[in-house]
Amino acid sequence: MTPRHEENGYPRTAVVAPIDRLLHARPVHDQFAADVFTERVMQQRLPKDVFKKLIRTIKHGDRLDHDLADVVASAMKDWAVENGATHYTHWFQPLTGLTAEKHDAFIVPDESGGALSEFTGSALVRGEPDASSFPSGGLRATFEARGYTAWDCTSPVFLNRSGGAITLCIPTAFVSWTGAEALDNKTPLLRSMEAVSEQAIRLLKIFGTHEGVSRVMATCGAEQEYFLIDRKYYFERPDLLTCDRTLFGAKPPKHQQLEDHYFGSIPARVMAFMNESERELYRLGVPVKTRHNEVAPGQFELAPMFETANIAADHQMLVMETLKRVAARHGMECILHEKPFAGINGSGKHVNWSLATDTGVNLLDPRDDTHTNMQFLVFLCAVIRSVDMYAELLRASVASAANDHRLGANEAPPAIMSIFLGDMLTDIIEQLESGTPKRTMKSGQLDLGARTLPHLPRHTGDRNRTSPFAFTGNKFEFRAVGSSASVAWPTTVLNTIVADSLDFICSQLEKSLGKDHTEARLQSAVRSVLQKIIKQHKRVIFNGDGYDKAWHTEAAKRGLPNLRDTVSALPVLTAKKNIDVFRRFKVLSKLEIESREHIYVEKFNKQVLIEAETATNMARTQILPAAIRHQTELAEAVAATEAADVDAADLRGELEAHVELVNKFRAAIEKLEGVVKAHPADIFDHAGQIRDEVRPAMADIRELADELENRVAEDIWPLPSYREMLSIR
């Protein structure tokens, strides 16, 4: 039971129906046979007492009863086999940023030369994949191979149909054998959800609004931007094939400057792809809602409805996998990289985050007369305090080699963490700082000037696309998350830091109230605590243009951190303050945080070095030979012109300019090769060297290559151009 997007026109406290009900609500959905082991399927197949106990675990967080496992496993296997499944797998999310799976057959040999269909409770609850080759950041030695996967019963089991095979996929956590250290993104996310739930319920008890509430759920709706290009071009570009982004490519005369692609008519071929993708996602229980053209040519977006955070994280991984798989069937490649094409907008994954009780109440819904809704204002101020106190940690949660190309560009928020509240909430916060809020700014209606058009209700504040963290009606939109990233890690950070602020506020209120819990005393105590928070943390509130250079100057005056790149951002993970907050709420141990810092830095290094080596290879084996062939043709043209006793001065000048450019390009290749080889042994020093030397050398070689592309004859140039790739028809 989770809130939906307000922008989609649904009531702000509406709840999402189970996916099987969505699929079968109307005859049009009969074509979507759900591949999800839904609550309805469980109710039909499980004994009543087993079903009730399992649902209590799923919905109310009761500890899983292992005695139920065999019964559930048997029902799950029967359902899967009836739907054509031959294998099962524990589906998990290691720190590679992707998903992982090892398939086991349901069929096992018996002792009489025959076979049995078997799936036990122990096989459902726990798996044992080889953990030695997954990133651990020093948590384990390479020879220590054992790891455990543990069933996350709150995330629906589903069937994966691929390559003619059908596999039962069981969402799981992934931990080490040695000390149950988290080796994945799921485990800390679930821990953080427990932490923020505990503190939120603590606050509800103070306000006396906890009746019937057993859990408060972090909810998430993650929008997904992506590019589509023809597959033939994808396989003709080694950079796209290896790095998922173009390392070379001159900007075409027409790209996005006319702004004619945004929300434009969806090409028929793309519509067919979108339709099939949505059908597959519906079968998997992913509640996709919107689709449209994005700003850049060849760029599109898909957005789901809100779900509980861990399910949303699982579904986001399925979204990315499904988009990639379905695109291939339509002769296209789906590119999820944050900046696959230079000079045009990149892609993000806006994470819409809120808190909701298991009774269906959105705790970030301001409602009418917001100035009197003190409980909402407490949750609001808790978020404000969190973003200000842990701005560097929040920035580090979205740091990656790919996102470095996007943050701060025209389509993405800057690396400075700030909060957009809008006019109405800003006005209430200012009133609260100086005393008791007396009014809520009213929105009114818009008269469109034509009698045939309706009067439209007007929001009390605009949306701010330049803000990295914006309040958008009944939720916060974290816009800095990259398009290829898992939403689990930034959501884990957000849950944890908000739990910290709720804990701080509750402690202050409990101390102030004591046993005197009258309404007047409560209102007075809340105002006092919130006024202190606002005075201390209001610097993080900014409703202006985040792209404006003046904001960078202003942010520096306010003391807001500006971690411009991944190399600057990742070391803050192991700052004492950040280690302490993770440990205090039992989300991550010191060892687990240090391992993540090591893994993320190492991944940054490897990704950029792969790009650098791909760039030098393409430059030497494709671009340089093409430039030399063009040079040869120019030289032959000069010789032929001069042999005909015709003035060839202009042609010779063009040849000389081209030769000079080719020589610069050759020198740039050698420079890049040199800085790639000359690297420090320490991975953190190496990351700094990559930022300060390798990336600038890559930029230099690209600038020269793009200039060559504009000079070399099109029939000689070896790579598909931006003009070709960005036109999907």
Side-chain angles (χ1 to χ4, degrees), residues 88-104 125-152 154-155 157-158 160 162 167 169-193 222 244 309-322 324 336 349 396-402 481-482 484-493 570 573 582 587-589 591-607 610 683:
Y88 69 92
T89 181
H90 277 199
W91 185 80
F92 58 100
Q93 299 174 37
L95 293 172
T96 58
L98 304 172
T99 59
E101 53 197 61
K102 182 189 76 171
H103 297 193
D104 286 292
V125 171
R126 190 190 73 176
E128 191 183 322
D130 185 337
S132 60
S133 294
F134 289 110
S136 70
L139 278 175
R140 57 187 300 119
T142 303
F143 68 85
E144 295 175 330
R146 178 167 285 164
Y148 291 134
T149 49
W151 177 33
D152 173 16
T154 63
S155 186
V157 169
F158 61 93
N160 179 31
S162 179
T167 306
C169 295
I170 304 160
T172 58
F174 180 44
V175 298
S176 70
W177 169 80
T178 51
E181 293 96 353
L183 298 174
D184 66 342
N185 285 313
K186 168 71 72 77
T187 304
L189 175 58
L190 291 171
R191 294 171 181 169
S192 73
M193 291 171 65
D244 219 30
N310 65 307
I311 299 177
D314 286 354
H315 281 171
Q316 262 300 297
M317 303 308 291
L318 288 175
V319 164
M320 292 191 285
E321 292 172 7
T322 300
K324 298 282 280 186
L336 298 171
K349 183 179 290 176
S397 75
V398 298
S400 70
V481 183
S484 66
S486 164
V487 301
W489 176 228
T491 306
T492 297
V493 170
L570 289 180
L573 290 176
F582 281 124
V587 174
L588 289 167
S589 68
L591 205 58
E592 288 170 321
I593 301 166
E594 290 172 343
S595 73
R596 277 158 173 72
E597 179 191 47
H598 189 280
I599 289 168
Y600 298 151
V601 172
E602 192 171 49
K603 183 177 181 180
F604 170 86
N605 293 353
K606 290 176 178 177
Q607 283 184 324
I610 288 170
I683 65 165

(request) Side-chain contact test, heavy atoms from C-beta onward, threshold under 4.5 Å: evaluate it for S486 versus M317 and give yes or no. (result) yes

(message) Minimum heavy-atom separation for L183 and V175, please, with both atom names.
(response) CD1-C, 3.8 Å

(message) Could you measure the distance from the CG atom of L190 to the OG1 atom of T492? Nearest 0.5 Å is fine.
(response) 8.5 Å

(request) State whether the side chain of E181 and the backbone N or O of L591 hold a donor-acceptor pair below 3.5 Å, judged by distance alone. (result) no

(request) Check whether any side-chain N or O of S192 sits under 3.5 Å from a backbone N or O of L189 as a donor-acceptor pair, and report yes or no. (result) yes

(request) Report the distance from atom CD of E597 to atom CG of L570, rounding to the nearest 0.5 Å. (result) 7.0 Å

(message) For a quick test of reading the model, state the closest non-hydrogen atom pair linking A222 to Q316 and the distance between them.
(response) O-NE2, 3.1 Å

(message) Give me the atom names and distance for the closest heavy-atom approach of S155 to I311.
(response) CA-CG1, 4.1 Å

(request) Taking all non-hydrogen atoms of both residues into account, name the closest pair between Q607 and A401 and its distance. (result) OE1-CB, 3.5 Å

(request) Indicate whether any N or O donor in one side chain lies under 3.5 Å from an N or O acceptor in the other, for T149 and H90. (result) yes

(message) Going by the rule ring-ring contact (aromatic ring centres under 6.0 Å, His included), which residues pair with F158 if we only count those two or more places apart in sequence or in a different chain?
(response) W91

(request) Could you grab the distance from atom OH of Y88 to atom SG of C169, nearest 0.5 Å is fine? (result) 12.5 Å

(message) Minimum heavy-atom separation for R596 and A182, please, with both atom names.
(response) NH1-O, 3.4 Å

(request) Please round to the nearest 0.5 Å and tell me the distance separating atom CE of M320 and atom CG of L336. (result) 6.5 Å

(request) Enter the distance from L573:CG to S397:OG here, rounded to the nearest 0.5 Å. (result) 8.5 Å

(request) Check each of D314, T172, T187, D184 against Q93 using the side-chain hydrogen bond (donor to acceptor under 3.5 Å, both in side chains) test, and report the only one that passes. (result) D314

(message) Pairing donors with acceptors under 3.5 angstrom, does anything connect the side chains of E321 and T99?
(response) yes

(request) Among Y148, W151, F92, find the residue that satisfies the ring pair (Phe, Tyr, Trp, His ring centres under 6.0 Å) test when tested with F174. (result) F92

(message) Treating K186 as the side-chain partner and N310 as the backbone partner, does any N or O pair qualify as donor plus acceptor under 3.5 Å?
(response) no

(request) Could you check if a side-chain atom of N185 sits within less than 4.5 angstrom of a side-chain atom of L95, using non-hydrogen atoms only? (result) yes

(request) Of all the heavy-atom pairs spanning T491 and V487, show the shortest one and how long it is. (result) OG1-O, 2.6 Å

